[in-house]
Participant: 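Sharing a structure with you now.
Residues: numbered from 1 along the sequence shown. Remember, predicted model here, so these are calculated numbers, not experimental data. Both backbone and side-chain heavy atoms feed into the values below; hydrogens, waters and symmetry mates do not.
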Amino acid sequence: RGLGPCGTCAVSIQGRVSPAEWTAMERARLNFPPYSNDNNSLLRLACQVRVQGDLKVTKFDKFWGQGKEETRDKKFTAPLGELEYILDRKRE
């Protein structure tokens with residue numbers, strides 16, 4: 001749903017998403033500071049992908065998630081709750 005230029009939704013994703021490769025926006029954003037480092041190839045912009053099955057999503061520390069330490073916020077919930085998933089299904 002996002003456009004991608006801010007990069008604040010950068011996460012590591014293990015599992016199937018579509019598209020399988022970086023989008024043009026991901027190539028532009030993730031090769032530009034603060035992401036232009038060795039770990040950028042592990043990142044995806046969550047706003048640029050669609051879930052295709054079960055996933056493990058890891059958000060890293062620092063403001064844009066460009067750090068190396070995993071964040072562990074057990075209180076995270078989708079801002080719109082179940083409505084987010086309903087909205088995603090309606091677009092299909």
Participant: Check whether Arg29 reaches the backbone of Phe32 with its side chain - one donor and one acceptor, N or O, closer than 3.5 Å.
Facilitator: yes
Participant: Can you give each donor-acceptor pair under 3.5 Å made by side-chain atoms of residues 14-22, sequence neighbours left out, with the distance rounded to 0.1 Å?
Facilitator:
residue, atom, partner, partner atom, Å
Arg16, NH2, Gln52, O, 3.0
Trp22, NE1, Leu43, O, 2.9

Participant: Any donor and acceptor pair, going by atom type alone, linking the side chain of Glu26 with main-chain N or O of Asn31 inside 3.5 Å?
Facilitator: no
Participant: Any side-chain heavy atom of Leu45 sitting closer than 4.5 Å to one from Leu30?
Facilitator: yes
Participant: Give the minimum heavy-atom separation between Val49 and Arg44, together with the two atoms involved.
Facilitator: CG1-NH2, 3.2 Å
